[in-house]
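What follows is one structure encoded as C-alpha cells, with my remarks underneath.
Protein chains get the first letters and strands the later ones, always in sequence-line order, with residue 1 at the start of each.
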There are 2 protein chains.
Amino acid sequence: MLEKAVPRIVDADQRRRELTEAVWRVIRRDGVAAASVRAVAREAGTSMGALRHWFGTQDELLHFAMTLVMERARTRAEAAAAAGGPLVPRLLRVLEETLPLDEERRAETEVWLALTARALVDPQLAGLRDRSSAELHAFCVDVVRVLVAEGAARPDLDVDLEGERLYAVLDGLAVHAVTRPSVLPPDRVREVLATHLAALGATR
Amino acid sequence: MLEKAVPRIVDADQRRRELTEAVWRVIRRDGVAAASVRAVAREAGTSMGALRHWFGTQDELLHFAMTLVMERARTRAEAAAAAGGPLVPRLLRVLEETLPLDEERRAETEVWLALTARALVDPQLAGLRDRSSAELHAFCVDVVRVLVAEGAARPDLDVDLEGERLYAVLDGLAVHAVTRPSVLPPDRVREVLATHLAALGATR
DNA sequence: GGCAAGGTAGCACAGTCGTGCTAGAAAAGG
DNA sequence: CCTTTTCTAGCACGACTGTGCTACCTTGCC
C-alpha cells in the first residue's frame, strides 16, 4: 500500500519542462503539424517510449506546451508587478511581459499563436486558452481601473470597454511583432503600447 | 499551334473557388492539419485526381485558400469605401469588413488565423501574408491621415504610430472575436473599434 | 544480495499522408 | 464518324503517423 522503494528520483515536473521545450523548438522550426511524437523525441534526444512515459498522449504534449507558455508569462508578469517604481512604467513593464520583445518571449508567442490557431478545433486546448485569455482580459480591465483611480487616465472612461481595447492592442501587437518583425521591432512595439496607455490619460 | 478544340468549358477560376471553399470548410471543422488532399476531395464531393488537376500540390491549395480570404475582404472593403455617407462611419464600415462580424467573415477570419499561424513556418504562405498585412497596415495609416486632414482627429498625432496602433486594435479584435465570441459579440467589437476612432479625435 | 519500481528504448500495427501515374469519360472541332 | 483536349477517377508507392506493447536498464530500499 505504502510505497516501498523510491528509485531514481527524477523531478517529474522538471523533466516534463525539458521535454516541453523540445516541443517548442519543433513547433517553432517546423510548425505544430510537425510536432509528432517521433520528431519531439528526436529533438529531445530521447526515445518515443520515454516521451510517452511522461505524456501519455500527443494531445497531452501540446496541452502541457500551452500551459508552460502561460505559466512562464504569468511568472514574469508577477515579478514585474512586484517591482517598485512609478505606476505607469511599471504597468507597462508588466504588460510587456506578454509581448515578444526578446528571443525567449518571441518563442513563447510563436508557440502561443500556433496553439491558439489549433485551439479553434481542439476543445482541450480551447479550454486552456479560454482560461488564459479571461485572466489577461481581467488584468487589462484592472490596469485601466487603476489608471483611472490614480488619475493617470481620464475619469470618464468606460473601464470595461477600455480594458477590452487595451487587450486588443496587446494581442494585436503580439501577432504583428511575430509576423512582421522587420516592420515592428521591439522598441517600436514598446512605443505603440506606451502611446496607448498615455492616450488613456490625454485630456489636453 | 492554335488550339483546335475547346471542349468542356469549365470556368477554371470558378471551379477553383468552389474547391477552395471546401478547403475552408475542412479547415474550420478539423483544422489546417486535417486539410489533406483526400479530406478536401471528400468534402468537395470529388476525387483526388480532379483536385490535383486544379491544384498541382497541397501547398498550392492552401496558398489559394489564403488568397481567396484576402481577395474577398478587399472586395468588400472597396465596396464599403465607395459607398456614400459621412466620413467616420464610412471608414468604420470599411475597417469592419476585415472583422468576423457575421458568419461569412467569421469563416474567413478563422481560416486567416489558421493560415497565419502556419505561415510562421511556411515561406510561401509568409510571402502572401506579408503582402496582405503591408496593404492593411498602409490602409490604417491612411485612415489616420484622412481623419487628421478632415479634422476628425487631433492634428498633433504621429500618423505612422497611430496607424500601427489602429492596425493592432483591428487584428487584436479579429483574434479575440474569433477565440472569445461569447465575451466579444459583433456589436461589442463594433463598439470597441468605434471607441478607438473616436478617441483619436478626443480633445475635450 | 534480491527485488520492486521508475524510467528508457524501440518494435509492431493499422492507418493516413502527398504525389506520380495510368485510364477513361465528356465535349467540341474536323 | 474520329480526333483532340479537358476533366475526372483512383490505384500504387514509400514515407510518416499515434499508440499498444514488451523488454531492458538503473536506482534505492529491504
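- Partners of A:R29 according to the side-chain hydrogen bond (donor to acceptor under 3.5 Å, both in side chains) rule, which considers only residues two or more places apart in sequence or in another chain, are A:E43.
- The side-chain hydrogen bond (donor to acceptor under 3.5 Å, both in side chains) check on B:E71 picks up B:R17, with sequence neighbours excluded.
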Side-chain polar contacts of residues 117-132 of chain B - donor-acceptor pairs under 3.5 angstrom, sequence neighbours left out - could you list them?
residue : atom : partner : partner atom : Å
B:D122  : OD1  : B:Q124  : N            : 3.0
B:D122  : OD1  : B:L125  : N            : 3.2
B:R129  : NH2  : A:T179  : O            : 3.1

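- A heavy atom closer than 4.0 Å to some atom of DNA chain C occurs in no member of residues 110-126 of chain A.
- Here D:dT8 is the nucleotide among D:dT19, C:dG7, D:dT8 with the atom lying nearest to any side-chain atom of B:H53.
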Would you tabulate the nitrogen or oxygen pairs shorter than 3.5 Å linking the protein to nucleotides 10-14 of chain C?
residue : atom : partner : partner atom : Å
C:dG10  : N7   : A:G49   : N            : 3.2
C:dA12  : N6   : A:R38   : NH2          : 3.4

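- With sequence neighbours excluded, no residue satisfies ring-ring contact (aromatic ring centres under 6.0 Å, His included) with B:H196.
- Residues of residues 23-36 of chain A that place a heavy atom closer than 4.0 Å to DNA chain D, in numerical order, are A:S36.
- With rounding to whole Å, A:F55 atom CZ is found 15 Å from C:dT8 atom C1'.
- Residues that satisfy the side-chain hydrogen bond (donor to acceptor under 3.5 Å, both in side chains) test with B:E110, not counting sequence neighbours, are B:R28.
- With sequence neighbours excluded, the residues satisfying side chain to side chain contact (heavy atoms under 4.5 Å, CB included) with A:A65 are A:T20, A:V23, A:W24, A:L115.
- In terms of the ring-ring contact (aromatic ring centres under 6.0 Å, His included) criterion, A:H63 has no residue partners (sequence neighbours excluded).
- Listed by first and then second residue, the salt bridge (Lys or Arg N to Asp or Glu O under 4.0 Å) pairs that reach into residues 171-180 of chain A are A:R180-B:E164, sequence neighbours excluded.
- Distances from the side chain of A:R15 to the nucleotides C:dT8, D:dG18, C:dG18 place C:dT8 closest.
- The side-chain hydrogen bond (donor to acceptor under 3.5 Å, both in side chains) test applied to A:R90 returns no partner, not counting sequence neighbours.
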